> 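First the structure, which I've put down as C-alpha cells, then a few questions once you've had a look.
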Amino acid sequence: MSERFVLVKRGYDTEAVDYYVTALETQIDNYREKDRAINNAIVSAQQAADSIILNAKNQGRIIRENTVKQLTDIALSVGTQKQLLEDFVNEYNNVVSKYLKLTDNEDFKVIAEKINALESYLSDFSDEVVEDLEIESRVVVPSSPSSDEV
C-alpha cells in the first residue's frame, strides 16, 4: 500500500493517517490470523502425520508378530510331520523286515515240504482209487439168485 497523505497546516491529515493506520492494523491482523491458521494447519498436519506413522508402526509390529507366530507354527507343524513320516518309515521297515525274515524261516520250508508230501500222497491215493474203480468196472460180479429162480 502506498498511500499519499495530504499536507495540512500542521502536518498530515490525521483522519487519513488514522484511517490508513487502522487499515494497516486490520491487514496485519488478517496476516496474523492467516499465520495462526497456517501454523495450526501445520501443527494439525504434523499431529495427523505422527498419528498415521504411529498407527503404521503398530500395524507393522502386529503383522510382524503374527507372521513370526505363523512361521513358528508352520515350523512346528513341519517338524511334527517330519517326525510322523520318520516314525511311519521306521514302522514300515520293521514290518517289511519282519515278514522278510519270516519268509526265510525254516518253519516255512518244513511246512512247504509237508504240503508237497501231502500233495504226493493225495495224488497217489487218487491214482489208486481210479485204478480200483477201473478194475471193478471190468469185473463182472455175479448177481445173487433171486427168489424167483430158486
Side-chain angles (χ1 to χ4, degrees), residues 1-5 16-150:
M1 284 178 128
S2 62
E3 183 71 32
R4 300 220 180 232
F5 298 106
V17 171
D18 288 342
Y19 176 77
Y20 184 71
V21 168
T22 303
L24 287 176
E25 286 174 347
T26 302
Q27 194 171 9
I28 289 172
D29 288 341
N30 286 338
Y31 287 142
R32 284 185 182 151
E33 187 62 35
K34 287 179 184 178
D35 185 50
R36 277 193 293 272
I38 290 171
N39 285 336
N40 287 340
I42 290 172
V43 169
S44 293
Q46 185 61 46
Q47 288 173 340
D50 290 344
S51 176
I52 289 169
I53 290 170
L54 181 63
N55 287 337
K57 285 181 181 180
N58 287 336
Q59 287 178 348
R61 181 184 47 78
I62 290 169
I63 290 170
R64 275 193 310 276
E65 289 172 358
N66 288 339
T67 302
V68 167
K69 184 183 180 324
Q70 288 175 349
L71 289 174
T72 302
D73 291 346
I74 290 170
L76 288 173
S77 178
V78 166
T80 300
Q81 296 304 315
K82 179 182 176 187
Q83 186 61 49
L84 287 172
L85 179 63
E86 288 173 1
D87 292 347
F88 171 78
V89 167
N90 289 335
E91 185 175 340
Y92 177 80
N93 287 337
N94 287 337
V95 168
V96 169
S97 174
K98 177 182 172 185
Y99 285 104
L100 286 176
K101 286 178 186 175
L102 287 177
T103 58
D104 293 337
N105 196 333
E106 285 296 317
D107 291 339
F108 282 115
K109 291 179 184 175
V110 170
I111 291 171
E113 289 172 3
K114 287 182 180 181
I115 290 173
N116 289 336
L118 182 60
E119 281 180 329
S120 176
Y121 173 77
L122 290 175
S123 176
D124 292 344
F125 182 74
S126 176
D127 290 344
E128 284 179 28
V129 169
V130 167
E131 282 179 26
D132 287 346
L133 289 174
E134 288 175 356
I135 290 173
E136 281 182 23
S137 67
R138 281 187 264 162
V139 172
V140 176
V141 177
S143 58
S144 53
S146 66
S147 58
D148 292 338
E149 294 179 0
V150 183

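Quick caveat: nothing in here was measured; it's all calculated off a predicted structure. We number each residue from 1, following the sequence as shown. Atoms considered below: every heavy atom in the structure, side chains included; atoms not considered: hydrogens, waters and symmetry mates.
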> If we only count heavy atoms from C-beta on, is the Leu24 to Gln27 side-chain gap below 4.5 Å?
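With C-beta onward as the side chain, the pair touches.
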> For Glu25, check salt bridge (charged side-chain N to carboxylate O under 4.0 Å, His left out) against everything at least two apart and list the hits.
none
> When rounded to the nearest 0.5 angstrom, what distance separates CZ in Arg64 from CD in Gln59?
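Output value for this atom pair is 11.5 Å.
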> Residues two or more places apart in sequence or in another chain: which of them pass side-chain contact (heavy atoms from CB on, under 4.5 Å) with Tyr92?
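Phe88, Val96.
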> Among all residues two or more places apart in sequence or in another chain, which pass the salt bridge (charged side-chain N to carboxylate O under 4.0 Å, His left out) test with Arg61?
Glu65
> Pairs of donor and acceptor atoms involving the side chains of residues 38-49, under 3.5 Å and at least two apart or interchain, shall be tabulated with distances.
residue: Asn39; atom: ND2; partner: Asp35; partner atom: O; Å: 3.3
residue: Asn40; atom: ND2; partner: Arg36; partner atom: O; Å: 3.3
residue: Ser44; atom: OG; partner: Asn40; partner atom: O; Å: 3.0
residue: Gln46; atom: NE2; partner: Asp50; partner atom: OD1; Å: 2.9

> Does Thr22 have any side-chain contact (heavy atoms from CB on, under 4.5 Å) partners at least two apart in sequence or in another chain, and if so, which?
Thr26
> Could you pull out all donor-acceptor pairs under 3.5 Å where a side-chain atom in residues 113-121 meets a protein atom, sequence neighbours excluded?
residue: Asn116; atom: ND2; partner: Ala112; partner atom: O; Å: 3.3

> Donor-acceptor pairs are to be reported for all side-chain atoms of residues 68-84 against protein atoms at under 3.5 Å, with residues two or more places apart or in another chain.
residue: Lys69; atom: NZ; partner: Asp73; partner atom: OD2; Å: 3.0
residue: Thr72; atom: OG1; partner: Val68; partner atom: O; Å: 2.7
residue: Thr80; atom: OG1; partner: Leu76; partner atom: O; Å: 2.9
residue: Gln83; atom: NE2; partner: Asp87; partner atom: OD1; Å: 2.8

